[in-house]
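Whatever order the structure lists ligands and atoms in, that order sets their numbers, starting from 1. Residue numbers count from 1 along this sequence.
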Amino acid sequence: MLAGIDVDPEGLFLRIRNLLNQHHDLFSFAIPLIASENIVSPAVREAICSDFAHRYAEGWTGERVYAGCQFVDEVELICIELMKKLFRADFADVRPISGVVANLTLYTAFARPLDTFMALSVATGGHISMAPLMGKSGVFLGGTAGAVKGFNIEYLPLDEGEMNIDVDAALKKIREVKPQLVLCGASVFLFPHPVKELVDTVNEVGGKLIYDAAHVAGLICNGYFQDPLREGVEAMSMSTHKTLPGPQHGAVVAKAEHEEVIKRAVFPGLTSNHHLHNVAGLAITLVEMLKFGKKYAGQVIKNSKALAESLYESGFDVLAEHKGFTESHTILIDVANLKDKVGLGADVEKLLEKANIILNRNMLPWDVREGRHYKNPGGIRLGTSELTRLGMKEGEMVQIAEFMERILLDGEKPEKVREEVKDFRSEFQKVHYCFESATKAYEYIKIH
Ligand SMILES: *Cc1c(COP(=O)(O)O)cnc(C)c1O
């Protein structure tokens, strides 16, 4: 579709660069609340635009099938050692290029096509990478686990009141369907999953229990949330850019006995190049976690509890009040009661975006029953990782709740609130919990 596209190369080049600049300006003065996002430090940004981005290093460190890897190897070895130390794991592979590829790595290592696989459904907080090819109603879902591995997928039951896996119902179902692979972990991940409660039964029926830490890896490696490897899982997959504030990449940690199958699943199974610049960026991120991680992760959780509490007091229907709302970076809000005033999840998302408050609509576990759809679901999801990296604390969470209250409950114009949001944000221009740098968090760095 070239309509409206200026095909003059000079003009296009300037236009693309201008769009990038505008994006940087937007994020410099926005309130970023997407639970799956974060921001890397200036040191990590430097690493991810290094020459590592141009190279290949297929194979394992020291056994590459390309020349010129001597420094790549050393960086990757440091990265692996830091992963093992922070996650207290026997084995780590930092080559999966994303969280989805990390999940596929574990599916490949531990199961065969057509095997029975259990995880949460997307509607109850699961991720599309755990989902089947076809939905129950016969619609094409295209979920990774079904589309790529052909798994027969059974859902882990959710206790909607507790916003967690229903242990008794799950144990019963595990005994019935005898899955080869069971995956804990979620994209709406408020409370630690019952790994200890499930592991023996999964093993008794001949299955393996694994854990998707895409969202919570940055909490787990700093001693918060839960410790799946100690609780009994065989391996854990993750994204490296959600609560773990690194570049967009993936990783896997596992018990020592799974080293060989995992290595082979990654290469030659699922990667050729493995984005070496991001491995370097991840190594630096892990160093930051070593030095600043405990304070960072502790503050992320304090902030999410404070934001949830403030929003609840303002009159929002924040889920799981009786459990203190959340034990992670994430908050889920039921906005169905705003339907007549402002609309549902998608409408709320759009309205807040006009005020530079950036979050996402989200399915609630009961949306399908209520006839609601992912395009305009009954919920919104918020996360506090990026705000925390910008140096915000509990006091700022109270202010953010106030901005949201004014727009969504008091009917103030978002364009007017946006000016105050910009003012509020102007004091938070640096990345925290990393080594000092003069570079601002969202500064557009010109090299050309
Ligand atoms: C985000 C997410 C993933 C996928 O991560 P990518 O790095 O985007 O590929 C996998 N699992 C869960 C639970 C997630 O939330």
query: Just by distance, with hydrogens left out, do H432 and Q299 show a side-chain donor and acceptor under 3.5 Å apart?
result: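 No - no donor-acceptor pair under 3.5 Å links their side chains.
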message: Can you see whether Y211 engages Q226 through a side-chain donor-acceptor pair at a distance of less than 3.5 angstrom?
response: yes
For [atom], grab the closest protein heavy atom and report residue, atom and distance to one decimal in Å.
| atom | value |
| --- | --- |
| atom 15 (O) of ligand 1 | S187 OG, 2.7 Å |
| atom 6 (P) of ligand 1 | G99 N, 3.3 Å |
| atom 2 (C) of ligand 1 | K242 NZ, 2.4 Å |
| atom 5 (O) of ligand 1 | S239 OG, 2.9 Å |
| atom 8 (O) of ligand 1 | H241 NE2, 4.1 Å |

- prompt: Of H127, M238, Q248, which has the heavy atom at the shortest distance from atom 4 (C) of ligand 1?
  reply: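 It is H127 whose heavy atom sits nearest to atom 4 (C) of ligand 1.
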- prompt: Taking the minimum heavy-atom distance to atom 13 (C) of ligand 1, which of D212, I97, T240 ranks first?
  reply: D212
task: Tell me, please, whether F191 has K323 positioned over its six-membered ring: NZ or CZ under 6.0 Å from the ring centre and within 45 degrees of its axis?
output: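 Yes, K323 and F191 form such a contact.
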Go through ligand 1 atom by atom and flag the ones less than 4.0 Å from a non-hydrogen atom of [X].
| X | value |
| --- | --- |
| H215 | 15 (O) |
| M130 | 13 (C) |
| S98 | 7 (O), 9 (O) |

Side-chain heavy atoms of [X] within contact of [Y], under 4.5 Å:
| X | Y | answer |
| --- | --- | --- |
| K291 | Y296 | no |
| F189 | T330 | no |
| R175 | T201 | yes |

- prompt: At a non-hydrogen distance cut-off of under 4.0 Å, which region of A186 contacts ligand 1 (side chain, backbone, both, or neither)?
  reply: backbone
Salt bridge present between K84 and E81 (N-O < 4.0 angstrom): yes
- request: Report yes or no: does T61 contribute a side-chain atom to a donor-acceptor pair with the main-chain N or O of D73 at less than 3.5 Å?
  value: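 No, T61 side chain to D73 backbone: no donor-acceptor pair under 3.5 Å.
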- prompt: Does ligand 1 have any atom sitting under 4.0 Å from a heavy atom of G185?
  reply: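 So G185 does not count as touching ligand 1.
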query: Are any of the N/O atoms in V100 less than 3.5 Å from those in ligand 1?
result: yes
Nitrogen or oxygen of A214 less than 3.5 angstrom from that of ligand 1: no
field: Atom CZ of R17: over 12 foreign heavy atoms under 6.0 Å
entry: yes
